[in-house]
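This report refers to the structure that appears directly beneath it.
Quick note: numbers below take in every heavy atom, side chains included, and nothing from hydrogens, waters or symmetry partners. From a predicted model like this one, the values you see are computed outputs, not experimental measurements. Within every chain, numbering begins at 1; the chains are lettered A, B, ... in the order of the sequence lines, protein sequences first and strands thereafter.
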2 protein chains.
Amino acid sequence: MTFEAITNADKTFVQIRSDIIAGRIESGAKLSEPELSTKYGVSRAVIREAINRLAACHIVERKANVGARVVALSPEGLIQLYQVREALEGMAARLAAENMSADEVAQLQDLLVSHKSSIAGSESYYQEAGDVDFHYRIIMGSKNEQLINVLFNGLYHLVRMYRVQLGMAGPRVTKAFDEHLHIATAIANRDGELAEILMRRHIHYSKNTIESLLNNELKG
Amino acid sequence: MTFEAITNADKTFVQIRSDIIAGRIESGAKLSEPELSTKYGVSRAVIREAINRLAACHIVERKANVGARVVALSPEGLIQLYQVREALEGMAARLAAENMSADEVAQLQDLLVSHKSSIAGSESYYQEAGDVDFHYRIIMGSKNEQLINVLFNGLYHLVRMYRVQLGMAGPRVTKAFDEHLHIATAIANRDGELAEILMRRHIHYSKNTIESLLNNELKG
DNA sequence: TAACTATATATTGTCGACAATCACGCAAAG
DNA sequence: CTTTGCGTGATTGTCGACAATATATAGTTA
C-alpha cells in the first residue's frame, strides 16, 4: 500500500497527497506550481511531477495551459466509488479464496483476533487502520496484479479523501467486524462464491450507511 | 476514449503509446530518455512527462534512478485483465440499463444495425473498431465517472497491447455480434440484471477463446 | 582464477530561465 | 447597458545545463 519514497518528487507527491486527503488543501482548490514550489521548498519540475502523479490517481484534474485543481467532491462521486469497490473487492474475495496460501489465510485470521481485542479497548483504532489492513490482505491475496493496481494506486486514496472531506468518520465498527469474520471464514473454507457475496454485501452496507448519513446531512 | 492532444507532451505520449501497443517498441524494452528525445525530436522534459503518463496507465514501469521499461507481457497477465474487465463491464452493463437515456439506447441499437451490414461485407473491420465502439458506449452509459476512468485510462490500452503482442487478432466475430445484440436488447428493456449476466458471459467467452489460443500456441 | 574494489561512463533527477498560452480588466463601440 | 476587442499580467509548457545515482569496466588481491 505505502511505497518507498526515494526521490524528492516521490516525497513531495506523498506530502501533497496527504495534505489533500486530510483537507489541508481543500477540494476544488487550484494547485499553483510556483506557489507550491516555494511552499514545499523544491523546484517547479518536482512539483510538476508530483501533480502529474496526483492526476494519475484522479485526485486532481489538469487542463492544458490552465493548471490543476483538486477534484470536486460530490456525494454521488463517493457512492460511485463504493459501487466500483463492491464489484472489484467482491471479485478480490472470490479470487483470494482460490489463491491465498494457507499461511496467508492464517495471518488473515490472526489479524481478526488482534482486532477483536482492540475493539474491546478503544474502538477508534480499528475503524481506520484495521479495516484497511483487512481489505488490503484480501486484495493482495487475489494475486491479480491488475486488480491490485487499480485498487491501491487509484481508488483507495480517493475513498479516504471523500470520507474525510465529507465528514464520514463513520461508526459501523462492531457490525463491520462481524462481517469481516464471516468473510475470513468463507475464504478459509475456500468458498469463493460465498466470500464474494459476503464481501459485496459488506461494502454495500457501508455504502448504504454513507448514503443515509448524507441524506440526514442534507435535511438537517 | 481518444482525447484532444493539445501540448507536445500529449502528442508525444500518444505517439509513444501507439508505438508500444503496435509493437514497434517491443515488450520489455528500456525507454531511454536521451534516445527517445532525439527520436521524437523533443526535449527530455517532454519525454519525461510522456513516460510518466505511460507509467500511470501501467504500460511501462519505472524504477527510481534506473529508468522505465515496457511491461512484461505474460499470458497470465492478459487473463487477469479479462477477469477485471468481466467484473467491471458487467457492472457497466447493469448501470447502463438503468441510466442510459432513450436516445443513447437508440444510438446503441443503430450502431449494431450498421455493424450487421459491415459484417456481411468485410468482417475485418468489425473486430477492432466495432467491438470497441460497442463497449465504449455501454461504459459511458453507466454514467459512473470512476468506472469510466478506470476502464479507459488504464485497462483498455493494456488489453490492446497484450492482444497485439501475443498475436490475438482473434476471430469470434459473428458470435460476438450476436452476444452484442442480446446485451443491447436487455439494456433496451431496462433489464439490468440480465444485461450484467450477458456482458459477463460475453467477456468470459472471449477470455476462454484467448486461453485456448494460448494453450495451442504452447503446444504447437 | 575468482571475487572484490574503485574508477569511469552514461542515465536519471533536479534546477533555473525562456517561450507560449490563457485569464482578467479596461476601453470602446453598438 | 451590454458586448466585443485588446493589452497586461501571471501561469503553464518547454528547454538546456548541472548534480546525484546506478551500471559497466578495469584493476587488484587472495
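In the set C/dG13, D/dC15, C/dT12, the nucleotide with an atom closest to the side chain of B/P34 is C/dT12. Picking from D/dT14, D/dT12, C/dT12 the nucleotide with the shortest atom distance to the side chain of B/T7 gives D/dT14. The listed nucleotides are D/dA22, C/dT14, D/dT14; the one nearest the side chain of B/V66 is D/dA22. Listed nucleotides: C/dC15, D/dT12, D/dA22. Nearest to the side chain of B/N65: D/dA22. Distance from the side chain of B/R48 is smallest to C/dG13 among D/dT23, C/dG13, D/dT14.
Between B/R62 and C/dG13, a side-chain N or O to OP1/OP2 separation shorter than 4.0 Å is present. B/S43 has no side-chain polar atom (N or O) that falls below the 4.0 Å cut-off from OP1 or OP2 of D/dT14.
Using a 30° and 60° split on the angle between ring planes, B/H202 and B/H180 fall in the perpendicular class, above 60°.
Atom CZ of B/R44 and atom P of C/dA10 are 15 Å apart (whole Å). Across the protein-nucleic acid pair, A/D10 atom CG and D/dT21 atom P stand 13 Å apart, rounded to whole Å. Spacing between atom CG of A/N8 and atom C1' of D/dT21 amounts to 13 Å, rounded to whole angstrom units. Rounded to whole Å, atom C1' of D/dG16 lies 14 Å from atom CD of B/E33. B/E49 places its CD atom 11 Å from the P atom of D/dC15, with the value rounded to the nearest Å. When the C1' atom of D/dT14 is taken as reference, atom CG of A/N52 falls 14 Å away, rounded to whole Å. One atom, CD1 of A/I47, and another, P of D/dT12, lie 11 Å apart when rounded to the nearest Å. What separates CG of B/L36 from P of C/dA10 is a distance of 18 Å, to the nearest Å.
Paired with A/M100 under the rule side-chain contact (heavy atoms from CB on, under 4.5 Å), one option of A/R190, A/Q107, A/M140, A/K143 passes, and it is A/R190.
When heavy atoms are screened at a 4.0 angstrom cut-off, A/L31 is found touching the sugar-phosphate backbone but no base atom.
No side-chain donor from either of B/S43 and B/R48 sits under 3.5 Å from a side-chain acceptor of the other.
Within a 6.0 Å radius of CD in A/E98, other residues, nucleotides and ligands contribute more than 12 heavy atoms.
A donor-acceptor pair is defined here as one N or O able to donate and one able to accept, closer than 3.5 Å; no such pair exists between the side chain of B/E49 and the backbone of B/F13.
Between B/K30 and A/V42, the one whose closest nucleotide on DNA chain C sits nearer the 5' end is B/K30.
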